[in-house]
Amino acid sequence: MASTAIRIDLGDMADHALQHLATGEYESMDEVMQDAVRALDRERAESEEMFENLAFQEMLRQKVEEAFANPAPSLPIDQAFVEIRRRAADRRARAAQG
């Protein structure tokens, strides 16, 4: 991959970046900035994952509320598992047929 030179103004963050360089953990400001961009990428990926989890939790909460609001009679757990197993067997049979 080709290198691309970029001039940046870190503003108030310049001293902070220089402190990271001064620790000896990094050999150049390039390494400091590359690590910073990697950290930003990780943070964004984690934020996206957290948002997806929150969206899933909200969807699940809505489904639970819908279930409680449903006037249909409850199904005992044993019957629910019988139904789940039957549906799974039906799906496997349809998949086996092509």
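Taking 4.0 Å as the cut-off between side-chain N and carboxylate O, R61 and E65 count as a salt-bridged pair. Ion pairing of R44 with E48 is absent here, as no side-chain N (NZ or NE/NH1/NH2) approaches a carboxylate O to less than 4.0 Å.
Taken to the nearest 0.5 Å, the CD atom of E49 stands 11.0 Å off from the CG atom of L54. How far CD1 of I8 is from CE of M13: 10.5 Å, rounded to the nearest 0.5 Å. Taking CD1 of I6 as the reference point, atom CE of M33 lies at 9.0 Å (rounded to 0.5 Å). Going from atom CD1 of I84 over to atom CG of L75 covers 9.0 Å, rounded to the nearest 0.5 Å. Annotation: the span from R94 atom CZ to R91 atom CZ amounts to 7.0 Å, rounded to 0.5 Å. Between atom CD of residue E25 and atom CG of residue D35 there is a gap of 7.0 Å, rounded to the nearest 0.5 Å.
Shortest non-hydrogen contact noted between Y26 and E31 is CA-OE1, 3.5 Å. Shortest non-hydrogen contact noted between L21 and M29 is CD1-N, 4.0 Å.
Summarising the local packing, CZ of R87 is surrounded by 12 or fewer heavy atoms from other residues, nucleotides or ligands at distances under 6.0 Å.
If you check the side chains of E66 and Q62, you find no donor sitting under 3.5 Å from an acceptor.
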